[in-house]
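Here the structure comes first, spelled out in structure tokens, and everything after it is commentary.
In each ligand, atom 1 is the first atom listed, and ligand 1 is the first ligand listed. Since we're looking at a predicted model, the values are computed, not measured.
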Amino acid sequence: MSAQTPIEKIVETPGNLVVHWENGEISKYPYLYLRDNCPSPSTIHSNGQKLIETSCINAAISAQNSELRNGTEVLINWDTEDHTSLFSAQWLFDHRLSKAAIAERRQQHMAHEPVELWNATLNQHLPVGDYGAISVSDEALCSWLANVSRYGFAVLRNVPAELGMVSKVVELFGYVRETNYGKLFDVKTTVNPNNLAFTSLGLSAHTDNPYRNPTPTLQLLHCLQSSAVGGNSVVVDGFKVIADLKAYSPQMFRLLSTTPVTFRFENQDQWIERTDTIIGLDVFGEVNAIRFNNRSVQAFEVDEDNMPAFYAAYQQLAKMIDDERYFVQFKMEATDLFIVDNERVMHGRSAYDGSAGERFLQGTYADRDGLLSKLCVLKRKVISQLV
Ligand code: OGA
Ligand code: ZN
């Protein structure tokens with residue numbers, strides 16, 4: 001909520017109510033927009049959900065009359081309905097409709113949950129939490145989740161090396177996302193693995209399950225045994241790599257954010273496929289996802305004239321992802337866990353030798369919206385306890 005200035009006067013014009021603020025700013029509000037957002041209990045339920053159908057409002061609705069009360073409230077009697085709306089000046093201020101006001105609100109929204117891009121320097125200050133602490137303290141949980149939101153990655157230590165604990169961690173902030181791998185899955189060397197993760201081979205940094213739509217937005221891996229030689233973990237901030245790729249070659253960025261590629265997982269029981277771009281953009285044109293998994297990507301469907309340029313872009317991205325300057329590296333010991341935003345941070349591991357020791361991880365998926373919701377609620381709670 002921004003600081004609000006009192007209203008000096010209101011003026012009815014055809015189509016709009018015009019508010020003149022005491023600081024000289026002038027805001028226009030289309031009548032249809034005001035009627036649609038009337039705060040009266042017949043228009044909006046106390047739970048915040050709208051009761052009226054927007055389609056039923058007369059599109060040409062206008063004010064029969066309007067009145068400014070004490071510079072702090074605006075009352076409107078409507079012409080096509082027997083209804084009165086009362087708006088606070090604060091609400092009107094918070095909903096000013098100039099392009100600048102809308103852009104300012106978006107900036108404020110983004111600053112609320114800041115995203116920090118990182119490279120190998122994050123090795124010096126790994127975002128780490130303690131399981132004992134986050135399971136009993138709202139403050140500790142809040143700060144661990146805030147790290148996940150900020151860096152797309154966080155480590156958790158002292159998670160008892162017991163089966164199923166990875167799901168218990170998810171239950172602290174959200175819901176397990178079940179897939180064909182189960183509610184959780186064992187990451188260890190198996191006979192006839194349906195995924196190379198279940199071998200001792202190294203895995204270059206990747207996002208999981210890009211063949212799924214929707215792709216799980218969080219992945220957790222919990223280490224129960226770690227006596228094998230090798231199997232070091234690596235995580236890479238895809239958003240940082242993409243930002244650097246865009247600066248290096250806007251053309252490569254354009255190709256990777258507009259060319260559809262297909263990812264697929266296929267065996268006797270499953271056929272899971274998704275076609276999308278490697279770099280995902282949101283409605284504002286900002287990067288909101290990376291989908292990168294060289295194991296499950298299919299032969300590119302790019303026309304013969306443009307294939308060389310697409311390969312150049314793909315190889316450039318892949319080489320950057322494989323560049324140690326972006327690597328955060330660590331060896332997971334039993335009781336360690338890490339979480340990644342699976343549409344932002346890629347994870348991988350070096351090969352290991354399981355002949356003289358064991359390596360056993362359990363993994364699961366969850367979703368980011370639940371985590372962000374929990375973070376938001378905890379922040380409110382922690383702040384209210386401080387005041
Ligand atoms: C996976 C995976 C990494 C590891 O299971 O998806 O990438 O460290 N595992 O075994
Ligand atoms: Zn993986």
What verdict does the side chain to side chain donor-acceptor pair (under 3.5 Å) test give for Asn232 and Gln329, after you've listed the backbone C-alpha separation in whole Å, the side-chain angles of each residue and the deciding distance to 0.1 Å?
CA-CA 7 Å; Asn232 291 347; Gln329 285 170 289; over 6 Å; no
Can you list, by chain and residue number, every protein residue with a non-hydrogen atom closer than 4.0 Å to ligand 1?
Val187, Ala197, Leu203, His206, Asp208, Gln219, Leu221, His347, Arg349, Arg359, Leu361
Aromatic rings Phe198 and Phe185: how do their planes relate, parallel, tilted or perpendicular, breaks at 30° and 60°?
tilted
Students often mix this up, so state it plainly: with edges at 30° and 60°, are the rings of Trp91 and Phe87 parallel, tilted or perpendicular?
tilted
Parallel under 30°, tilted from 30 to 60°, perpendicular over 60°: which one fits the rings of Phe153 and Trp118?
tilted
Any chance you could pull the hydrophobic cluster mates of Leu156, using side-chain heavy atoms under 4.5 angstrom and chaining through other members?
Tyr131, Ile134, Leu141, Trp144, Leu145, Val148, Val159, Met165, Val166, Val169, Val170, Leu172, Phe173, Val176, Leu184, Leu218, Leu220, Leu337, Ile339, Leu371, Leu372, Leu375, Leu378
Check the pair Thr84, Trp78 against side chain to side chain donor-acceptor pair (under 3.5 Å), reporting the backbone distance first and the verdict last.
CA-CA 6 Å; Thr84 301; Trp78 298 106; over 6 Å; no
Near the Zn ion (ligand 2), which protein N/O/S atoms fall under 2.8 Å?
His206 NE2, Asp208 OD1, His347 NE2
Per the salt bridge (charged side-chain N to carboxylate O under 4.0 Å, His left out) rule, what does the pair list look like for residues 172-182, sequence neighbours excluded?
Arg177-Asp367, Glu178-Lys183
Quick check on side-chain contact (heavy atoms from CB on, under 4.5 Å): which of Val328, Asn147, Val155 does Pro127 satisfy it with?
Asn147
Would you say the rings of Tyr151 and Phe239 are close, in the sense that their centroids are separated by under 6.0 Å?
no
